[in-house]
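Predicted, not measured: the structure shown is a model, and the values here were computed from it. All residue numbers refer to positions in the sequence shown, counting from 1.
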Amino acid sequence: AKAQGSVVKSPVVLTVGANGGLAELALQRWNDSVKPPGLAPFGGSVSDELVTSDGVHVAGRGRVGWQWGEPEQPEGEFFNYRVMEATHRA
């Protein structure tokens, strides 16, 4: 099967926290739910990290959603997460 369409380039903005880990990301993402469908602000934040027993750092807690960075951001958030345990396999 083949798919045809156009590619839209959209920058991704990464914010690094004081600890050197990812704090936030923001981008324009295609949203079929808006009328008319189109690119919309999307992003997420990392509010805590989890360190595995062998020292690997992962995003431990955060949230993601639409309208990131906009006044409507609280209504657009649809996923909050907390990682309780992680295992690193080399």
*Using the rule that two of Ile, Leu, Val, Met, Phe, Trp, Tyr join whenever any of their side-chain heavy atoms come within less than 4.5 Å, decide whether Tyr81 and Leu50 are in one cluster.*
yes
*Side-chain heavy atoms of Arg63 within contact of Phe78, under 4.5 Å*: no
*Can you name the one residue among Glu77, Arg29, Glu75 that meets side-chain contact (heavy atoms from CB on, under 4.5 Å) with Trp66?*
Arg29
Donor-acceptor contacts under 3.5 Å from residues 10-22 side chains, at least two apart:
residue, atom, partner, partner atom, Å
Ser10, OG, Gln28, N, 3.3
Ser10, OG, Gln28, O, 3.3
Asn19, OD1, Gly21, N, 2.9

*Joint cluster assignment, Leu39 & Leu25, ILVMFWY side-chain distance < 4.5 Å*: no
_For Asp32, all residues meeting side-chain hydrogen bond (donor to acceptor under 3.5 Å, both in side chains), sequence neighbours excluded_ = Trp30
*Consider only side-chain heavy atoms of I, L, V, M, F, W and Y, link residues closer than 4.5 Å, and tell whether Val58 and Val64 are in one cluster.*
yes
*Cluster companions of Trp68 among Ile, Leu, Val, Met, Phe, Trp, Tyr (side-chain spacing under 4.5 Å)*: none
*asked:* Restricting to non-hydrogen atoms, name the atom on Arg82 and the atom on Arg61 that form the minimum distance, rounded to 0.1 Å.
replied: NE-NH2, 2.9 Å
*Do Met84 and Phe79 share a hydrophobic cluster (ILVMFWY, side-chain heavy atoms under 4.5 Å, transitive)?*
no
